[in-house]
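First the proteins, then the strands, lettered A, B, ... as listed; each starts at 1.
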Amino acid sequence: CSQLFSILLGEQGDTQPDILHNDPHARHADDNGQNHLEGQMNFNADSSQHKDENTDIAENLYQKVKILCWVMTGPQNLEKKAKHVKATWAQRCNKVLFMSSEEDKDFPAVGLKTREGRDQLYWKTIKAFQYVHDHYLEDADWFMKADDDTYVILENLRWLLSKYNPEEPIYFGRRFKPYVKQGYMSGGAGYVLSKEALKRFVDAFKTDKCTHSSSIEDLALGRCMEIINVEAGDSRDTIGKETFHPFVPEHHLIRGYLPRTFWYWNYNYYPPVEGPGCCSDLAVSFHYVDPTTMYELEYLVYHLRPYGYLYRYQPALPENIRKEVSRDYKKEDPKV
Amino acid sequence: MLSESSSFLKGMMLGSIFCALITMLGHIRIGHGDRRHQHKHHHLQAPNKEDILKISQDERMELSKSFRVYCIILVKPKDVSLWAAVRETWTKHCDKAEFFSSENVKVFESINMETDDMWLMMRKAYKYAFDKYRDQYNWFFLARPTMFAIMENLKYFLLKKDPSQPFYLGHTIKSGDLEYVSVEGGIVLSIESMKRLNSLLGIPEKCPEQGGMIWKISEDKQLAVCLKYAGVFAENAEDSEGKDVFNTKSVGLFIKEAMSNHPNLVVEGCCSDMAVTFNGLTPNQMHVMMYGVYRLRAFGHIFHDALVFLPPNGSDN
């Protein structure tokens with residue numbers, strides 16, 4: 001009986017989801033009556049399983065590369081989706097804010113005083129960045145936008161950003177090529193602005209350099225970035241593998257999962273890859289992640305590991321971090 | 001007439017007393033066995049944390065190489081897509097992996113057991129493996145094609161265990177008097193257990209090919225009965241926190257249950273960090289696990305492990 005059940009559940013995972021319609025800016029189907037979960041979520045690092053773990057480098061980067069995350073959500077999704085973000089990766093941001101059309105003091109969520117809906121996304125984005133700029137500009141170096149179904153691995157984002165100067169006008173994400181000469185970043189996979197980029201973005205609306213109205217959030221932001229001379233960065237790892245992902249790992253790892261006619265193949269700025277080459281070991285984000293998959297990813301990234309295994313991809317530590325670390329580890333090169 | 005019936009009665013009484021005596025004797029023997037097995041295993045001490053830092057990389061390599069695991073996967077023609085996924089993923093980390101099929105299938109390399117019966121397949125596979133590889137491998141792991149197994153965690157689990165002792169490990173289930181390792185979690189046998197098993201395979205009274213009289217007994221139970229005769233007893237494999245390391249379900253299923261049963265501690269309450277097996281996976285999920293286990297990780301988290309395992313050659317996943 002339990003075998004049948006698990007097979008059935010396994011089958012569910014493989015059926016093509018509705019997100020595969022041929023339009024990159026088609027949003028998520030509205031959730032209809034899925035299971036609500038009761039109670040507050042808590043994330044506690046379990047100590048005994050991690051007693052052989054050394055997190056000095058991760059902690060060092062936490063101090064050096066300060067990231068403020070804001071999560072695009074809405075009143076209907078606080079309990080259904082945002083709650084699981086809060087229980088998992090959100091804890092690892094230096095600061096996290098949940099942005100909704102209405103304030104929720106308990107969650108807590110910031111009220112942007114907008115309406116909800118697909119056509120409001122760009123307006124919400126502008127207001128959210130404005131709020132962050134007005135209240136938290138000096139609290140972080142980098143400012144990340146994510147959806148409530150994006151899963152982000154903050155340590156890997158810090159590794160990526162550690163090579164760059166937040167005073168430079170640059171932003172990172174999954175780069176798409178159409179419509180904008182330097183490309184633009186996929187909204188769902190999440191994108192991150194340097195402090196300078198944020199300043200210029202907020203300023204652009206005060207001085208009417210960029211338009212306020214658009215129904216396509218990520219494209220409009222990308223157009224604005226180009227106008228204000230914020231560079232679209234290359235977020236791929238040191239061997240050219242993508243780090244920000246517009247879908248869940250399965251969709252990228254399985255050859256033939258995304259049909260050849262799918263928009264994705266024509267949108268990717270860099271040559272798109274399916275199969276194991278799709279995704280960096282140090283992936284930063286995945287999108288369309290449902291609550292179960294959030295916790296699965298959390299378990300796979302932060303808990304389950306192959307004991308003693310020497311990973312194939314061993315990227316160098318950023319220069320400045322390496323100098324600090326070498327004081328502690330005289331003999332061996334720490335393998336991360 | 002009366003004397004005849006009383007003799008008959010006496011005969012009946014004597015017979016039933018003898019019957020009761022013999023049954024009791026039988027139980028006592030098994031009882032002894034249970035007590036005996038608890039203290040028989042030798043445990044090698046794993047180095048502690050400070051010692052680990054002093055051991056050179058070379059010494060760690062040597063220790064790691066001392067575990068030689070042979071993987072047995074029993075498949076049937078319907079399992080072709082699972083077969084492919086298993087072959088392309090975790091079995092690359094076995095020291096050797098072989099597929100044993102019920103019949104010859106052109107598409108995939110496998111050893112034909114020429115039987116549809118799971119218990120017969122299992123027996124034949126164990127015999128084949130022992131006859132051919134007894135000198136080359138010290139641990140034998142049997143898996144279902146729907147499983148994902150992490151060999152490195154299996155070897156870490158075996159770190160304190162001497163293969164010349166009769167180990168029979170996995171996720172155990174108790175069925176009446178019998179405690180057996182469920183095939184759905186994977187079965188681990190030390191070389192000593194393999195030796196003892198193989199010595200009994202030819203003895204139908206101890207290790208019959210047809211276990212149940214009326215209905216079929218599952219192959220994992222039959223194995224347990226057979227091993228019990230050889231003084232080999234099932235042990236449940238757990239980590240230092242008491243969590244099972246051999247799992248009969250997939251990560252996804254555990255997470256769903258955790259979200260329902262203890263929504264405040266989903267990941268912590270889920271599964272061991274040192275899990276060896278998960279079951280009930282689809283081929284796609286195998287590829288996702290391969291990426292999630294052997295590649296995807298958070299930068300800046302370093303571990304000082306007593307063992308060292310290199311990635312297999314000629315593989316990109």
Side-chain angles (χ1 to χ4, degrees), chain A residues 2-3 6-7 9-11 13-14 37-42 44 46 48-50 52-55 57-61 87 153 155-156 158-159 249-250 253-254 257 276-277 279 281-283 291-292 295-313 334-336, chain B residues 49 57 60 64 93 150-153 155-156 184 239-241 248-253 255-256 258-259 263-268 270-275 279-282 284-285 287-311 316-317:
Chain A
S2 73
Q3 254 307 88
S6 61
I7 291 167
L9 283 169
E11 289 296 301
D14 276 330
L37 291 151
E38 308 302 309
Q40 274 299 105
M41 295 277 169
N42 251 339
N44 300 308
D46 52 321
S48 67
Q49 296 258 18
H50 296 259
D52 295 324
E53 186 173 356
N54 182 315
T55 53
I57 292 169
E59 283 167 30
N60 194 300
L61 279 175
I153 303 170
E155 290 89 337
N156 296 346
R158 289 193 182 94
W159 173 76
E250 191 178 357
L253 287 165
I254 306 300
Y257 196 105
C279 314
D281 285 23
L282 301 183
T292 308
Y295 294 109
E296 281 186 58
L297 285 169
E298 187 78 6
Y299 173 66
L300 291 175
V301 175
Y302 293 99
H303 295 268
L304 183 64
R305 67 182 185 95
Y307 188 83
Y309 184 69
L310 284 184
Y311 300 101
R312 283 199 177 85
Y313 180 55
K335 298 260 180 280
V336 293
Chain B
K49 194 175 179 187
Q57 187 88 323
R60 271 182 248 178
S64 310
H93 292 240
I150 304 168
M151 288 295 111
E152 292 77 7
N153 290 348
K155 292 178 180 182
Y156 175 58
E184 298 302 325
D239 67 16
S240 54
E241 291 187 334
T248 57
K249 297 185 273 205
S250 64
V251 177
L253 191 49
I255 295 289
K256 283 192 168 76
M259 286 170 82
N264 288 347
L265 284 175
V266 176
V267 178
E268 299 72 15
C270 162
C271 325
S272 174
D273 281 21
M274 289 292 123
N279 196 8
L281 278 79
T282 63
N284 282 4
Q285 287 168 336
H287 290 280
V288 175
M289 281 297 278
M290 200 66 185
Y291 173 70
V293 173
Y294 289 107
R295 295 182 49 209
L296 183 65
R297 60 202 185 272
F299 185 84
H301 294 244
I302 300 170
F303 297 87
H304 295 286
D305 296 335
L307 301 172
V308 176
F309 298 110
L310 297 176
D316 64 350
N317 64 351

Can you check whether [X] reaches [Y] side chain to side chain, under 4.5 Å on heavy atoms?
X	Y	value
Leu304(A)	Met289(B)	yes
Leu253(A)	Asn317(B)	no
Pro276(A)	Arg295(B)	yes

Treating [X] as the side-chain partner and [Y] as the backbone partner, does any N or O pair qualify as donor plus acceptor under 3.5 Å?
X	Y	value
Asp273(B)	Arg305(A)	no
Tyr156(B)	Pro306(A)	no
Tyr295(A)	Gly252(B)	no

Exercise for the section: Give the ring-plane orientation class for His301(B) versus Tyr302(A), where under 30° counts as parallel, over 60° as perpendicular and anything between as tilted. Expected result: perpendicular

Problem - Aromatic plane relationship, Tyr309(A) with His93(B) - under 30° parallel, 30 to 60° tilted, over 60° perpendicular - result: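 Ring orientation, 0 to 90° scale: tilted.
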
Practice task
Could you pull out the closest heavy-atom pair between Cys271(B) and Tyr299(A), with the gap in Å?
Solution key: CB-OH, 3.4 Å

Exercise for the section: Search all heavy atoms of Asp305(B) against all heavy atoms of Tyr307(A) and return the closest pair with its distance. Expected result: OD1-CE1, 3.3 Å

Exercise for the section: Show the numbers, then the answer: is there a side-chain contact (heavy atoms from CB on, under 4.5 Å) between Arg312(A) and Asp316(B)? Expected result: CA-CA 9 Å; Arg312(A) 283 199 177 85; Asp316(B) 64 350; over 6 Å; no

Handout entry: Interatomic spacing from CD in Glu250(A) to CG in Asn284(B) - rounded to 0.5 Å
Key =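 Going from CD on Glu250(A) over to CG on Asn284(B), the span is 4.5 Å.
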
Completion exercise
Between the OG1 atom in Thr292(A) and the CE atom in Met259(B), the distance rounded to the nearest 0.5 Å is 4.5 Å

Handout entry: Heavy-atom pair count under 4.5 Å with chain B, highest-scoring of Thr55(A), Val301(A), Leu61(A), Asn156(A)
Key =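 Maximum pair count with chain B is reached by Asn156(A).
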
Handout entry: Greatest number of heavy atom pairs closer than 4.5 Å to chain A - which of Gly292(B), Ala258(B), Ser64(B)
Key =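 If we count pairs closer than 4.5 Å to chain A, Gly292(B) comes out on top.
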
Exercise for the section: Name the region of Leu296(B), side chain, backbone, both or neither, that has any atom closer than 4.5 Å to a heavy atom of chain A. Expected result: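 Backbone plus side chain of Leu296(B), per the 4.5 Å heavy-atom cut-off to chain A.
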
Practice task
With Phe299(B) as reference, evaluate Ile153(A), Ile57(A), Asp281(A) under the side-chain contact (heavy atoms from CB on, under 4.5 Å) test and give the passing residue.
Solution key: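 Testing each of Ile153(A), Ile57(A), Asp281(A) against Phe299(B), the sole residue satisfying side-chain contact (heavy atoms from CB on, under 4.5 Å) is Ile57(A).
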
